[in-house]
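Everything quoted here is computed from the prediction, not taken from an experiment. Any value given below was found using the heavy atoms of this structure, including those in side chains, with hydrogens, waters and symmetry copies removed. Throughout, a chain's letter reflects where its sequence line sits, starting with A, and its residues are numbered from 1.
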Amino acid sequence: EPEVTQTPSHQVTQMGQEVILRCVPISNHLYFYWYRQILGQKVEFLVSFYNNEISEKSEIFDDQFSVERPDGSNFTLKIRSTKLEDSAMYFCASSGAGARSYNEQFFGPGTRLTVL
Amino acid sequence: ELKVEQNPLFLSMQEGKNYTIYCNYSTTSDRLYWYRQDPGKSLESLFVLLSNGAVKQEGRLMASLDTKARLSTLHITAAVHDLSATYFCAGGDYGGSQGNLIFGKGTKLSVKP
């Protein structure tokens with residue numbers, strides 16, 4: 001069964017460093033998302049992406065964040081200068097359709113980001 | 001802006017008992033999602049409820065949606081230990097163009113023998 005994959009599974013970085021989290025969505029999906037979950041808290045929406053541009057972004061997704069689909073398969077989240085409060089599990093999700101139709105989102109296994 | 005509230009946030013049950021998790025949402029959302037998360041793991045899709053009155057069942061779990069009351073429920077029948085996990089409901093935020101999911105805080109379910 002097709003699934004969303006993410007790498008790395010765990011990333012440890014120093015405050016102020018740049019990190020890139022990688023995702024490979026399900027191959028025929030067109031809509032891509034990043035969410036994050038701070039330990040023990042709820043899942044929060046960061047950004048959605050379609051047709052090579054950002055569709056929506058939350059207040060969390062500030063200028064330190066960017067997303068890119070550098071080729072036909074990868075979808076990346078970059079944090080330019082990490083802060084302690086960026087420590088969280090980051091989930092990538094993809095769906096085959098957007099808001100106007102059946103929009104079941106499939107989540108990857110997550111990348112645990114630890115900022116020291 | 002869509003807000004999603006779940007209760008209870010913690011639920012400790014005995015095996016064999018029944019219980020219901022409630023999910024209220026604040027604005028119109030014509031679809032509602034339930035996910036399961038095991039500790040340290042990703043989110044597993046359980047149910048997608050697409051219309052008022054929708055009811056879906058899988059094993060010991062049954063989910064329903066009442067769009068008029070802006071309420072979804074996840075009913076657990078004769079709980080077993082394997083159901084121990086955190087359950088999230090999420091509404092589709094269709095204010096934008098792509099339908100981002102807005103999650104509740106989750107209900108941490110612990111089923112004891």
Next item on the list: Sequence neighbours left out, what passes salt bridge (charged side-chain N to carboxylate O under 4.0 Å, His left out) with D66(B)? Give chain and number order.
Entry: none
Margin query: Quick check: closest heavy atoms across F91(A) and Q37(B), and the distance to 0.1 Å?
Written below: CZ-NE2, 3.6 Å
Notebook entry, point to check: Do other residues, nucleotides or ligands put more than 12 heavy atoms under 6.0 Å from E15(B) CD?
Noted result: yes
Next item on the list: For residues Q37(A) and F88(B), report the shortest heavy-atom separation together with the two atoms involved.
Entry: NE2-CZ, 3.5 Å
Checklist line | Connected via hydrophobic side-chain network under 4.5 Å: V24(A) and Y90(A) | finding: no
Next item on the list: Spell out the residues in residues 103-113 of chain B that have some non-hydrogen atom less than 4.5 Å away from a non-hydrogen atom of chain A, in order of number; otherwise answer 'none'.
Entry: F103(B), G104(B), K105(B)
Item checked: Non-hydrogen atoms of Y33(A) and N100(B) that approach each other most closely -> CE2-OD1, 3.9 Å
Margin query: Please say yes or no: joined through hydrophobic side-chain contacts below 4.5 Å, possibly via intermediate residues, are F61(A) and I20(A) part of one cluster?
Written below: no
Check: With clusters built from Ile, Leu, Val, Met, Phe, Trp and Tyr whose side-chain heavy atoms come within less than 4.5 Å, directly or transitively, what are the remaining members of the cluster of F10(B), listed by chain and number?
Finding: L9(B)
Checklist line | Heavy-atom pair with the smallest gap, counting every atom of L101(B) and Y35(A) | finding: N-OH, 3.0 Å
Next item on the list: Examine I79(A) and I54(A) and state if one hydrophobic cluster contains both, with Ile, Leu, Val, Met, Phe, Trp and Tyr joined whenever side-chain heavy atoms are less than 4.5 Å apart.
Entry: yes
Notebook entry, point to check: Which atom names give the shortest non-hydrogen contact between G40(B) and M89(A), and what distance separates them?
Noted result: O-CE, 4.0 Å
Checklist line | Residue, of S58(A), G110(A), A93(A), G108(A), that accumulates the most heavy atom pairs under 4.5 Å with chain B | finding: G108(A)
Donor-acceptor pairs under 3.5 angstrom involving side-chain atoms of residues 68-75 of chain A: please list them, not counting sequence neighbours.
| from | atom 1 | to | atom 2 | distance (Å) |
| --- | --- | --- | --- | --- |
| R69(A) | NH1 | S73(A) | O | 3.4 |
| R69(A) | NH2 | G72(A) | O | 2.6 |
| D71(A) | OD1 | S73(A) | N | 2.8 |
| D71(A) | OD1 | S73(A) | OG | 3.3 |
| D71(A) | OD1 | N74(A) | N | 2.8 |
| D71(A) | OD1 | N74(A) | ND2 | 3.3 |
| D71(A) | OD2 | N74(A) | ND2 | 3.0 |

Note to self: Are I26(A) and L21(A) linked, directly or through intermediate hydrophobic residues, by side-chain heavy-atom contacts shorter than 4.5 Å (ILVMFWY only)?
What the structure shows: no
Margin query: Please find the pair of heavy atoms, one from P109(A) and one from S42(B), that lie closest to each other, and give the distance.
Written below: CA-CB, 3.6 Å
Margin query: Under 4.5 Å between side-chain heavy atoms, counting indirect links through other Ile/Leu/Val/Met/Phe/Trp/Tyr residues: same cluster for Y31(A) and L50(B) or not?
Written below: yes
Next item on the list: Mind checking the NZ-OG1 spacing from K42(A) to T86(B)? Nearest 0.5 Å is all I need.
Entry: 14.5 Å
Margin query: Looking at D63(A), I want to see if its CG is surrounded by more than 12 non-hydrogen atoms of other residues, nucleotides or ligands under 6.0 Å.
Written below: no
